[in-house]
2 protein chains.
Amino acid sequence: MKKEKESTIYDVARIAKVSIATVSRVFNKSSLVTDRTVAHVLEVAKKLNFSPSASARGLSGGKQETIGIILPVLYGNLFSEFIYSIQALAEARGYDIVVAGQKGSPEEFFATVKKLSTKIDGLILMYHIEGIKKEMARRFPKLPNIVLSRFVKYREHVDLVLDNFSGAFMATEHLITQGNRKIALIKGEEGNIDAIERTEGFLSAVHKFGIKKTDVEILEGTFRQISGYNAVQELFLKRKDISAIFASNDAMALGALNWMHRYGMKIPEDVEICGFDDIEFAQMTRPSLSSVYLNTSLFGQKAFEMIMEMISEKRIEDTPKQLIIDPELRVRESSSLDRSK
Amino acid sequence: MKKEKESTIYDVARIAKVSIATVSRVFNKSSLVTDRTVAHVLEVAKKLNFSPSASARGLSGGKQETIGIILPVLYGNLFSEFIYSIQALAEARGYDIVVAGQKGSPEEFFATVKKLSTKIDGLILMYHIEGIKKEMARRFPKLPNIVLSRFVKYREHVDLVLDNFSGAFMATEHLITQGNRKIALIKGEEGNIDAIERTEGFLSAVHKFGIKKTDVEILEGTFRQISGYNAVQELFLKRKDISAIFASNDAMALGALNWMHRYGMKIPEDVEICGFDDIEFAQMTRPSLSSVYLNTSLFGQKAFEMIMEMISEKRIEDTPKQLIIDPELRVRESSSLDRSK
DNA sequence: TATTAAATTGTAACCGCTTTCAGAAAAAAT
DNA sequence: ATTTTTTCTGAAAGCGGTTACAATTTAATA
């Protein structure tokens with residue numbers, strides 16, 4: 001059980017009786033090496049268990065074969081699905097993924113980027129400030145970047161948005177066109193950007209259809225199931241005329257459903273409800289839950305394609321691409337009252 | 001809006017009128033530099049927006065300040081919570097995280113590690129083969145590593161296990177000691193290691209308490225909610241004497257609950273049920289769902305602490321540490337039939 | 001076959017930082 | 001004030017690649 005030493009390009013060159021330049025070319029798929037040489041070098045390299053040093057490559061101006069991802073929170077479904085979809089593609093192209101959390105202030109944020117920038121070829125980030133693309137280009141003129149958002153309001157400033165707002169708008173519009181004129185919103189966590197955007201989508205729809213202020217009830221929530229439960233409890237204690245509820249996520253919608261079941265309300269007969277996220281459980285509840293689906297995998301794929309293109313073209317843009325991924329409303333039993341009966 | 005160039009240690013040295021060695025020392029918190037010099041260099045560095053090149057550092061034998069994580073699937077709750085907990089700690093210590101998926105064959109796996117190894121200081125991995133620690137030490141004598149498992153059976157081969165088996169054992173034992181002598185298992189996804197381990201935990205408990213083979217029913221499942229639904233349907237079509245069910249995860253338990261509700265069965269009066277994972281919804285269902293909780297965050301924290309210790313001590317072990325994180329049974333309404341009444 | 005063009009391969013100069021070793025400066029001792 | 005220590009700083013040699021440019025080999029043309 002001999003200890004294998006880390007072999008370098010020099011070892012490979014020496015054993016293969018070629019120059020290090022040749023070895024380097026082989027590992028970079030340079031076209032100007034004979035097939036015979038390539039085969040030979042590869043063989044030796046394999047025998048020596050050689051793998052080029054990422055550091056050395058990076059240093060000498062080469063690529064890092066790594067892309068960075070900075071998201072607001074490295075947690076939950078967005079994070080999980082997003083990373084998953086990107087990682088699969090990245091791996092196929094020999095790239096690694098480094099993830100970082102995002103700090104509050106711009107200075108902290110840019111410091112994080114600065115530090116990361118020396119080990120990546122490109123960065124996918126989500127950070128909301130005006131003119132983020134320009135600022136990135138100014139501060140990191142050599143670093144390809146793709147700016148993400150879930151906030152369609154920022155569409156002009158970012159490359160890719162997974163449209164939260166429209167999802168909420170569609171859900172609300174759907175509830176209204178089902179015939180409901182008195183409607184409630186269960187908000188998401190205070191300060192959370194998704195929560196804000198979904199609230200705006202709701203309000204926008206409510207406004208578009210001219211629902212009266214007094215027919216709209218806004219309830220606080222935290223995105224957690226229990227807060228949906230508490231919210232409807234409070235709601236129906238206060239008034240009983242609300243016939244439709246839009247919950248800012250499915251967890252809260254289920255919490256709400258739960259309370260209504262417990263107190264004998266019929267869904268969708270008494271109240272129609274629609275959630276957001278389309279989690280797996282949404283299909284299994286009784287009644288099944290209408291929800292808005294955001295294609296996070298596609299979001300990841302697009303982001304990756306875009307960053308790879310920027311990297312390969314070595315063209316750092318400071319004008320956002322402004323691509324939008326639309327949400328999808330999935331209507332199920334909880335909001336399908338057939339009023340014609 | 002001038003373009004800022006990437007400044008190097010030479011620029012800082014020149015402007016600060018010191019040598020690059022001094023600048024290097026300042027950035028490495030070397031004790032042998034005067035406070036005055038440190039302050040001065042830092043000031044210049046800040047003005048130049050200097051940040052040491054990770055590549056150059058790595059190359060010259062220094063640290064990468066990056067740790068790698070290789071998990072079976074970069075998806076779902078384990079991944080999400082695990083990465084989240086580690087990342088928070090890592091960031092506080094100035095480390096970045098690079099994630100990679102795990103391939104099937106050992107050779108593919110080791111190739112992945114090989115490639116990653118040049119850009120990390122240490123690796124946290126989950127991969128099940130005999131003597132993995134020894135093999136890692138042999139192949140990567142310079143790379144600190146922490147081997148993870150959720151399979152307590154492998155405890156002797158790995159550093160840290162989040163004990164799946166015992167969780168299933170505890171849940172089953174609980175159901176049995178509640179007085180149930182006829183019990184069913186809903187298995188997880190075929191081939192999935194967690195599924196296997198949980199099945200073994202169940203069988204082990206059933207065996208310990210001498211439940212008769214004919215009083216045990218094993219049902220197929222996929223970890224998805226619908227499969228739990230289908231499983232109980234099949235079960236009760238076949239026989240009606242089963243009084244307790246252990247579902248290999250909460251999603252399936254909820255699916256099962258759903259079917260039983262629909263067909264008028266009372267939980268826990270007619271059937272007691274216990275799930276696994278303790279997802280948030282477990283507390284909110286009616287009845288609330290008993291479940292097994294695995295502290296994934298703690299798992300991450302421990303793994304990180306361990307790898308950091310190995311890195312700082314520069315001691316690559318080939319003997320596993322064998323630390324086990326115990327599961328926690330959380331009994332709720334779904335398995336709390338008070339039989340004394 | 002000699003000559004020239006094209007295809008390969010080798011040489012050597014970086015890339016930006018760490019670190020050993022030696023020299024200079026400051027502090028302590030005589 | 002001079003010598004001896006102790007501290008701090010600088011010079012220079014790598015670390016392991018990439019790549020422009022030179023050298024060499026092979027193919028093409030006369």
Side-chain angles (χ1 to χ4, degrees), chain A residues 5-42 44-45 48-66 94 114-115 117-121 142-143 314, chain B residues 5-42 44-45 48-66 94 114-121 142 314:
Chain A
K5 296 214 225 67
E6 300 297 330
S7 45
T8 73
I9 197 173
Y10 290 94
D11 301 321
V12 177
R14 182 162 37 75
I15 308 283
K17 296 194 195 310
V18 296
S19 72
I20 58 167
T22 300
V23 178
S24 175
R25 290 186 185 108
V26 169
F27 274 84
N28 287 291
K29 305 198 199 327
S30 162
S31 57
L32 28 78
V33 192
T34 314
D35 289 353
R36 228 167 49 79
T37 313
V38 170
H40 179 219
V41 169
L42 248 27
V44 173
L48 266 48
N49 191 28
F50 166 76
S51 176
S53 153
S55 298
R57 275 194 157 162
L59 219 208
S60 58
K63 307 280 74 163
Q64 307 274 5
E65 303 214 299
T66 304
K114 177 85 201 169
K115 180 153 178 282
S117 69
T118 67
K119 34 182 131 172
I120 59 181
D121 302 317
K142 305 270 194 54
L143 183 68
K314 295 178 182 7
Chain B
K5 298 215 223 68
E6 300 298 330
S7 45
T8 73
I9 198 173
Y10 290 95
D11 301 321
V12 177
R14 183 162 36 77
I15 307 285
K17 297 195 194 312
V18 297
S19 71
I20 59 165
T22 299
V23 177
S24 175
R25 289 186 187 111
V26 169
F27 274 85
N28 287 291
K29 304 200 200 328
S30 161
S31 57
L32 27 78
V33 193
T34 314
D35 289 355
R36 229 167 49 80
T37 314
V38 171
H40 179 219
V41 169
L42 248 27
V44 173
L48 267 46
N49 192 27
F50 166 77
S51 176
S53 151
S55 298
R57 274 195 157 161
L59 220 207
S60 59
K63 308 278 73 165
Q64 307 275 5
E65 302 213 299
T66 304
K114 177 83 200 170
K115 180 153 179 282
L116 252 190
S117 69
T118 67
K119 33 183 132 172
I120 60 181
D121 302 317
K142 304 269 195 54
K314 295 177 177 14

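Numbered from 1 within each chain, the chains take letters A, B, ... in sequence-line order.
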Q. Considering only heavy atoms from C-beta outward, does the side chain of B:Lys114 approach that of A:Asn49 to under 4.5 Å?
A. yes

Q: Would you kindly give the CD1-to-C1' distance between A:Ile9 and D:dC15, to the nearest whole Å?
A: 13 Å

Q. Quick one: what's the B/S/- string for nucleotides 8-15 of chain C, heavy-atom cutoff under 4.0 Å, read 5' to 3'?
A. SBBB---B

Q | B:Val23 vs B:Val44 side-chain heavy atoms within contact, under 4.5 Å | A | no

Q. Whole-Å distance between D:dC8 P and B:His40 NE2?
A. 18 Å

Q: Please name the residue in the list A:Val12, A:Val41, A:Asp11 that meets the side chain to side chain contact (heavy atoms under 4.5 Å, CB included) test with A:Phe50.
A: A:Val12

Q.
Checking the side chain of A:Thr118 only, and the main-chain atoms of B:Ala54 only, is there a donor and an acceptor separated by less than 3.5 Å?
A. yes

Q) Counting just side-chain N and O atoms, does B:Arg57 come under 4.0 Å of either OP1 or OP2 of C:dC17? A) no

(Q) Can you measure B:Asp35 atom CG to D:dT9 atom C1' for me and round it to whole angstrom units? (A) 15 Å

Q: With heavy atoms under 4.0 Å as the rule, sort B:Ser24 into base, sugar-phosphate or nothing.
A: base

Q: Find the distance between NZ (A:Lys119) and CD (B:Glu65) and round it off to the nearest 0.5 Å.
A: 6.5 Å

(Q) Distance check needed: D:dT19 P versus A:Phe27 CZ, whole Å only. (A) 16 Å

Q. Over how many whole Å does the gap from A:Asn28 atom CG to D:dG16 atom P extend?
A. 17 Å

Q) Does any non-hydrogen side-chain atom of B:Arg57 lie less than 4.5 Å from one of B:Asn28? A) yes

